[in-house]
Undergrad: 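Dumping the structure here so I can ask a few things about it.
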Amino acid sequence: MNPSLSSPLLFLGAPGLIGNHVIPAFAETGVPVLAGSRRGLSVGGAPGVAVDMRDRESLARAMRGIASVALVISDVVDMESLGLNVVSAAQSAGVNRLLWFSSFGAKRENQARFSRRHPVIDEAVRASGIPHTILRPNFFMQDFTAFYAETIRTTGTIFLPLGDARVSHLDLRDLAEAAVAALKDDPQLNCTFDLSGPQALHTSEVAEQIGSAIGRPVRYQPITVAAMEASLRDAGMDSWFAAGLAELYAWVRDSGLAGEVTDATEQLLGRKPNSFRQFAIDYRSAFLD
């Protein structure tokens, strides 16, 4: 194990899909973890630490005695400033390992507001002088259990504005394993990994594989971006976030942004990443009444 991991790792942005999978994976391999969030909630058995990424003093307090920091930031209006605050605080605190969860294929010229914001933090991490690894995962397979399972259960349909775009969905279990490898293995230092699953699937193929796993038909119904945004607003989602998420799906549909299959996940895992078909079998209960 890397010597820096003998002290606790501070995982900032702990609650959420990534933290809920990665933190337990760290703990299972003997990495001591503190779960950092504004509310200071325990995550995956890791003790919670109250920390506000908008408050430099709060960050300084949280990083005292910390050698390694992992960072996830939700898509919020001031994402860039939060990331820059964390990088600056890590430099001041003498942190000697930084693990940043960015987004797949993120570039400043991307038209979607979410995916063009991550590169600002990517660049700050690289320029910080702190030994680092940047993981840039694609859309998660678990999005279908976390966000779409109820609709699939009740209607047998996946409604998304993806047209005929293909997406190389990544299993969050693979991301967790890749994060452990990235943190513990020095050859991954100062590298950026765009992490995909093993296949780029049309959403109709996703529907077929979920249907096969649960033993009843599931279909894909393409919808408009405007319809998605309206449904998100109707469900009570913040209007800025709803517009941004719809915008992201439109960009994925039109650009092919999420369709690339990379070998980075296999490089970190030392094996092929999980297939969507296996994911659907493993999580079939989420799609059943």
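When reading the values below, keep in mind they use all heavy atoms of this one structure, side chains included, and skip hydrogens, waters and symmetry mates. Start at 1 with the first residue, then count along the sequence.
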Undergrad: In this structure, are over 12 heavy atoms from other groups packed under 6.0 Å from Glu150 atom CD?
TA: no

Undergrad: Which pair of non-hydrogen atoms, one from Trp240 and one from Asp238, has the smallest distance, and what is that distance?
TA: N-OD2, 3.0 Å

Undergrad: Heavy atoms, side chains only, cut-off 4.5 Å: are Leu71 and Val125 in contact?
TA: no

Undergrad: Quick one, Leu183 and Thr133 - any side-chain contact, counting heavy atoms below 4.5 Å?
TA: no

Undergrad: Below 4.5 Å, heavy atoms only, C-beta onward: do Leu201 and Arg277 meet side chain to side chain?
TA: no

Undergrad: Please report the shortest heavy-atom distance between Gly259 and Ala200, naming the atom on each side.
TA: O-CB, 3.3 Å

Undergrad: Please report the interatomic distance NZ(Lys184) to OG1(Thr29), rounded to the nearest 0.5 Å.
TA: 4.0 Å

Undergrad: Same cluster for Val225 and Phe147 if Ile/Leu/Val/Met/Phe/Trp/Tyr side chains link at under 4.5 Å?
TA: no

Undergrad: Indicate the atoms forming the closest heavy-atom contact of Val43 with Ala14, along with that distance.
TA: CG2-CB, 3.9 Å

Undergrad: Should Leu41 and Val72 be regarded as members of a common hydrophobic cluster, given that ILVMFWY residues are connected when their side-chain heavy atoms come within less than 4.5 Å of each other, either directly or indirectly?
TA: no

Undergrad: Could you check if a side-chain atom of Glu177 sits within less than 4.5 angstrom of a side-chain atom of Leu268, using non-hydrogen atoms only?
TA: no

Undergrad: Are the side chains of Met141 and Leu172 in touch, meaning some heavy atoms are under 4.5 Å apart?
TA: no

Undergrad: Test ring pair (Phe, Tyr, Trp, His ring centres under 6.0 Å) on Tyr249 and Phe114; report intermediate values, then the result.
TA: CA-CA 10 Å; Tyr249 274 97; Phe114 291 169; over 10 Å; no

Undergrad: Check the pair Asn85, Arg56 against side chain to side chain donor-acceptor pair (under 3.5 Å), reporting the backbone distance first and the verdict last.
TA: CA-CA 7 Å; Asn85 283 348; Arg56 292 175 182 267; 3.1 Å; yes

Undergrad: Can you give me the closest heavy-atom contact between Ser196 and Thr265, atom names plus distance?
TA: O-OG1, 2.8 Å

Undergrad: Do Val261 and Val167 belong to the same hydrophobic cluster, where Ile, Leu, Val, Met, Phe, Trp and Tyr are linked whenever their side-chain heavy atoms lie under 4.5 Å apart, directly or via other members?
TA: no

Undergrad: Has Asp78 got a side-chain atom pairing as donor or acceptor with Ser81's backbone, closer than 3.5 angstrom?
TA: no

Undergrad: How close do Leu59 and Ala89 get, counting heavy atoms only, and between which atoms?
TA: CB-CB, 3.8 Å

Undergrad: Would you say the side chain of Pro198 lies within less than 4.5 Å of the side chain of Lys272, judging by non-hydrogen atoms?
TA: no

Undergrad: Let me see the working for Asp122 and Thr192 under side-chain contact (heavy atoms from CB on, under 4.5 Å), right down to the final yes or no.
TA: CA-CA 9 Å; Asp122 291 0; Thr192 298; 5.5 Å; no

Undergrad: Side-chain polar contacts of residues 20-27 - donor-acceptor pairs under 3.5 angstrom, sequence neighbours left out - could you list them?
TA:
residue : atom : partner : partner atom : Å
Asn20   : ND2  : Gly16   : O            : 3.1
His21   : ND1  : Leu17   : O            : 2.9

Undergrad: Output yes when a side-chain donor or acceptor of Arg136 lies under 3.5 Å from a complementary backbone atom of Ala106, and no otherwise.
TA: yes

Undergrad: Would you mind listing every ring pair (Phe, Tyr, Trp, His ring centres under 6.0 Å) that reaches into residues 260-280, with sequence neighbours excluded?
TA: Phe144-Phe276, His169-Phe276, Phe276-Phe279, Phe279-Tyr283

Undergrad: If you look only at pairs with a residue in residues 212-227, which of them pass as a salt bridge (Lys or Arg N to Asp or Glu O under 4.0 Å), with sequence neighbours excluded?
TA: Arg216-Asp289

Undergrad: Could you list all the salt bridge (Lys or Arg N to Asp or Glu O under 4.0 Å) pairs where at least one residue sits in residues 159-174, not counting sequence neighbours?
TA: Arg166-Glu205, Asp171-Arg173, Arg173-Asp282, Asp174-Arg271

Undergrad: Only pairs at least two apart or in different chains count here, so list each salt bridge (Lys or Arg N to Asp or Glu O under 4.0 Å) that has a residue in residues 222-233.
TA: Glu229-Arg233

Undergrad: When rounded to the nearest 0.5 angstrom, what distance separates NE2 in His132 from OG in Ser68?
TA: 14.0 Å

Undergrad: Look at atom CZ of Arg153 and say whether more than 12 heavy atoms of other residues, nucleotides or ligands are closer to it than 6.0 Å.
TA: yes

Undergrad: Are any non-hydrogen side-chain atoms of Ile121 and Met79 less than 4.5 angstrom apart?
TA: yes

Undergrad: Quick one: does any side-chain atom of Ser255 pair with a main-chain N or O of Leu257 as donor and acceptor, under 3.5 Å?
TA: yes

Undergrad: How long is the span from the CD atom in Gln221 to the OG1 atom in Thr203, to the nearest 0.5 Å?
TA: 11.5 Å

Undergrad: Rounded to the nearest 0.5 Å, what separation is found between the NE2 atom of His118 and the CD1 atom of Ile73?
TA: 7.5 Å

Undergrad: Return the minimal non-hydrogen interatomic distance between Leu162 and Arg253, and the atom names on each side.
TA: O-CG, 3.4 Å

Undergrad: With ring pair (Phe, Tyr, Trp, His ring centres under 6.0 Å) as the rule and sequence neighbours excluded, what pairs involving residues 186-212 come up?
TA: His202-Tyr220

Undergrad: Could you tell me if the side chain of Ile158 sits less than 4.5 Å from the side chain of Ile152, heavy atoms only?
TA: yes

Undergrad: Hey, does the side chain of Ser92 reach the backbone of Ser88 with a donor-acceptor pair shorter than 3.5 angstrom?
TA: yes

Undergrad: Treating Asn138 as the side-chain partner and Ser168 as the backbone partner, does any N or O pair qualify as donor plus acceptor under 3.5 Å?
TA: yes

Undergrad: Going through the distances and angles, do Ile66 and Leu34 end up as a side-chain contact (heavy atoms from CB on, under 4.5 Å)?
TA: CA-CA 10 Å; Ile66 295 295; Leu34 298 174; 4.1 Å; yes

Undergrad: Please round to the nearest 0.5 Å and tell me the distance separating atom CG of Leu135 and atom OG of Ser102.
TA: 9.5 Å

Undergrad: Is there a donor-acceptor pair under 3.5 Å between the side chain of Arg284 and the backbone N or O of Ala213?
TA: yes

Undergrad: If only atom types and distance count, is the side chain of Thr262 paired as donor or acceptor with the main-chain N or O of Asp194 below 3.5 Å?
TA: yes

Undergrad: Is there a path from Trp251 to Leu232 through hydrophobic residues (I, L, V, M, F, W, Y) whose side chains come within less than 4.5 Å of each other?
TA: yes

Undergrad: Are Val77 and Leu248 connected, step by step, through hydrophobic side chains (Ile, Leu, Val, Met, Phe, Trp, Tyr) whose heavy atoms are closer than 4.5 Å?
TA: yes

Undergrad: Looking at Trp100, is Arg126 sitting on its ring face, NZ or CZ under 6.0 Å from the six-membered ring centre and within 45 degrees of the normal?
TA: no

Undergrad: Can you tell me how far CG of Asn190 sits from CG of Leu98, rounded to the nearest 0.5 angstrom?
TA: 10.5 Å

Undergrad: Applying side-chain contact (heavy atoms from CB on, under 4.5 Å) to Phe101 and Leu175, what does each step give before you reach the verdict?
TA: CA-CA 10 Å; Phe101 294 87; Leu175 176 62; 4.1 Å; yes

Undergrad: Less than 6.0 angstrom separating the ring centers of Phe140 and Phe104, yes or no?
TA: no

